[in-house]
Amino acid sequence: MVTVRFAPSPTGHLHIGGARTALFNWLFARHNNGKFILRIEDTDRSRSTEEYIESIIEALKWLGLDWDEGPFRQTDRLDIYRKYAYKLLEEEKAYRCYCTPEELEQRRQESLKQGKPPRYDRRCREIKNSLSKPFAIRFKMPFEGETVVNDIVKGKVIFKNSELEDLVILRSDGTPTYNFCVVVDDYEMKITHVIRGEDHLNNTPKQIHIYKALGIEPPQFAHIPMILGPDRARLSKRHGATNVLTYKEEGYLPEAVINFLARLGWSYKDQEIFTKEELIEYFRLEDVGKANAIFNAEKLLWLNSEYIKMTNEKRLFELLKPFLIKDGYIKEEKQIDIEWASKAIRSLKERCRTLKELSHAMRYYLLDYVPIEEKAKEKYITEKTLPLLKEITERLETLQEFSQKNIEKIFIDMVNEKGIKLGDIAQPVRVAITGSTVSPGIYEVLEIVGKEKTLNRLRRIIYAY
RNA sequence: GGUCCCAUCGUCUAGCCAGGUCAAGGACGUAGCCCUCUCAAGGCUAAAGCACGGGUUCAAAUCCCGUUGGGACCGCCA
């Protein structure tokens, strides 16, 4: 059975790059009816936090990337790693290193200064008798030869063993290091395919030697390209929103984010928009590109607008509620007629690219009075338009059924009778009712706002002039 | 510095593995036009790319080599 894992380290929130790695793993597992495991790599105790673990889990749930096993935590499994590490020590495939981190750092700096590769000089490798000093366990890398990685995405990659260093597998405090736990865990969890960022490609030969020393067969590897910021540097906090959950807060739909992430480094014919089912059906690691991709926020925005258009109004309203409450347009406990809300959302959804924008646009449907933009007021609420506003108010007052159709008739009649253009009256009314020069069709807006609020707002602006 | 990866419009990409049907297709963004009560949406059109240099071949975006450019990794971080 195909088994993959997503193994984030909880030293930060789930970022865009990590989310795509998780997505590719998830898609691969679902496509192959395999298993997707979540594993938390928290052996860096000083930087890992509970808060980040929860945040990562929340983000994965929001994206709908469900896992079949886990979350496993490496800090719960320390005995296992120790067991394997000591096994290697006994078999003399690893050795005790008595150098202190301070000494190592100092030597590193010196090597760097002299332009030499900052590699451990293996000075403890030949110490025969154990000393009574604190020690770390280092793995014995071969001095020569080559290691071949047959990567599903990158193809055949050959590394010189002479470039590999004797890495620490168990720290002096007894905790294991990354390159060691991945191997042990991927073996113990029967991972068949390791799908991870390209930043791990250089680690792969080291891990392959650990597999060999442990006498186990390495899994298949697939190293997916990096996601870069617009400046071509690796995506980081400097580039703004990299935390997946901020996209939730900014009003993006999870399926839009998924769709966007899937198309970063992967494609299927000329298709841009995919349902989750389609992604699962079409996704193949062989179709993942080799080149790094730049995060294109504009395209994500476009995709989100497409998803908003495709989403039915009832679901949009549910998604919108937290935004409306936060913006102060509705109260949590207040009941809103769902049919009315649907009508309102329908009028706006093709004009908004995020839920946040949509919420903001809803203000003139929900509030009693809206703030009027100064520029709009100057341009459209004038001596010239005031009589028109008065007249349309009077005409609208007479309406029994305040429907779009009837409202339209009132406008058209007035335009014909007075020999004016529709815009001459529609724009001032729009400003009076929405506070802005931009809105859905004016008849539609008036119907949704309703007779009472419409007349109140018109009278108020006339009175205030 | 060393090692490894990568290279098609500004961006995401199709095409490359199995060279010809590619005077390179789609999408985002940009510009223009149409529609129009505003703004969107929608429709149509346009500008925009095979990094460079060699080689192989009747034929190269596609195969090979080099150059340049970008990225990643070199930790008792993951």
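Chain letters run A, B, ... following the sequence lines, proteins first and then strands; every chain starts at 1. Below, each value reflects all heavy atoms present in this structure, side chains not excepted, and no hydrogens, waters or symmetry copies.
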Charged N-O contact under 4.0 Å between A:R363 and A:D327: no
Between B:A40 (C1') and A:E306 (CD): distance, integer Å: 12 Å
Nearest-Å distance once atom P is located in both B:A78 and B:A18: 41 Å
OP1 or OP2 of B:A14 under 4.0 Å from side-chain N/O of A:S267: yes
G-U wobble or Watson-Crick pairing nucleotide for B:G66 (cut-off 3.5 Å, both distances): B:C52
Touch class at under 4.0 angstrom, heavy-atom based, for A:Y443 against every strand present: base
Given RNA chain B, 5'-ward residue of the pair A:G441 and A:D270, judged by closest heavy atom: A:D270
Nucleotide forming a Watson-Crick or wobble pair with B:U11, both distances under 3.5 Å: B:A27
Nucleotide B:A72, atom C1' - distance to CZ of A:R232 in whole Å: 15 Å
Phosphate OP1/OP2 of B:C12 contacted by A:K299 side-chain N/O (<4.0 Å): no
B:U13 phosphate, OP1 or OP2, under 4.0 Å from A:K269 side-chain N/O: no
Parallel, tilted or perpendicular: rings of A:Y282 and A:Y268 (30°, 60°): parallel
Heavy-atom donor-acceptor pair, A:E350 side-chain to B:G42 base, under 3.5 Å: no
Minimum-distance nucleotide (side-chain atoms of A:K154 versus B:G42, B:C76, B:C6): B:C6
Partner nucleotide of B:G1 by Watson-Crick or wobble geometry (both distances under 3.5 Å): B:C74
Proximal nucleotide (of B:A78, B:U3, B:G71) relative to the A:E198 side chain: B:G71
Touch class at under 4.0 angstrom, heavy-atom based, for A:I158 against every strand present: sugar-phosphate
Touch class at under 4.0 angstrom, heavy-atom based, for A:D42 against every strand present: nothing
Sugar-phosphate only, base, or nothing, as touched by A:C99 at under 4.0 Å among non-hydrogen atoms: base
Among B:C73, B:C5, B:C37, the nucleotide that comes nearest once only the side chain of A:N202 is considered: B:C73
From B:C73, B:G42, B:C5, nucleotide with atom closest to A:D199 side chain: B:C73
G-U wobble or Watson-Crick pairing nucleotide for B:C37 (cut-off 3.5 Å, both distances): none
Length of the CH2-C1' vector between A:W302 and B:G29, whole Å: 11 Å
Sugar-phosphate only, base, or nothing, as touched by A:H200 at under 4.0 Å among non-hydrogen atoms: base
Closest to side chain of A:E272, choosing from B:A27, B:U38, B:C6: B:A27
Residue A:M226, side-chain atoms from C-beta onward, closest of B:C12, B:A27, B:G71: B:G71
Base of B:G71 paired with side chain of A:N292 (donor-acceptor, under 3.5 Å): no
Nucleotide of B:C37, B:A78, B:A27 approaching A:T177 most closely (side-chain heavy atoms): B:A78
Interatomic distance at P, B:A47 relative to B:G10, whole Å: 14 Å
Test: A:R96 cationic atom under 6.0 Å from A:F135 six-membered ring centre, within 45° of axis: yes
Between P of B:A61 and NZ of A:K290, the distance in whole Å: 19 Å
Touch class at under 4.0 angstrom, heavy-atom based, for A:K309 against every strand present: sugar-phosphate
From B:C74, B:C37, B:A78, nucleotide with atom closest to A:E165 side chain: B:C74
Any strand: nucleotide that pairs with B:G20 via Watson-Crick or wobble, under 3.5 Å: B:C58
Distance between C1' atoms of B:A48 and B:G32 (Å, rounded): 15 Å
No-H, no-angle donor-acceptor pair, A:S439 side chain to B:C39 base, under 3.5 Å: no
Basic-acidic side-chain contact under 4.0 Å: A:R39, A:E188: no
d(CZ, A:R119; P, B:C73) in whole Å: 16 Å
Gap between atoms CD1 and C1', on A:I294 and B:C28 respectively (whole Å): 14 Å
Residue matched to B:C44 through Watson-Crick or wobble contacts both under 3.5 angstrom: B:G32
Listed nucleotide nearest any side-chain atom of A:N203, set B:A72, B:A78, B:U3: B:A78
Verdict with supporting geometry, A:F24 and A:F283, ring pair (Phe, Tyr, Trp, His ring centres under 6.0 Å): CA-CA 8 Å; A:F24 281 15; A:F283 185 81; 5.0 Å; yes
Sugar-phosphate only, base, or nothing, as touched by A:P440 at under 4.0 Å among non-hydrogen atoms: base
A:T43 side chain near B:A78 phosphate (N/O to OP1/OP2, under 4.0 Å): yes
Whole angstrom value for the distance that separates C1' of B:C4 from CG of A:L164: 11 Å
Heavy-atom check, side chain of A:Y365 versus side chain of A:I345, under 4.5 Å: no
Phosphate contact (B:C39 OP1 or OP2) by A:R430 side-chain N/O below 4.0 Å: no
Lys/Arg-Asp/Glu bridge criterion (N-O < 4.0 Å) met for A:E255, A:R315: yes
Atom-pair distance (CD on A:E298; P on B:C12), nearest Å: 14 Å
Contact under 4.0 Å: A:R263 side-chain N or O vs B:U11 OP1/OP2: no
Over 12 foreign heavy atoms within 6.0 Å of NZ, A:K409: no
Under 3.5 Å donor-acceptor pair, A:R351 side-chain atoms to B:C39 base atoms: yes
Closest listed nucleotide, where the reference is the side chain of A:R234 and the choices are B:C12, B:A78, B:G71: B:G71
Side-chain N or O of A:R108 closer than 4.0 Å to phosphate OP1/OP2 of B:G75: yes
Quiz item: cation-pi between A:R138 and A:Y120, 6.0 Å / 45°: yes
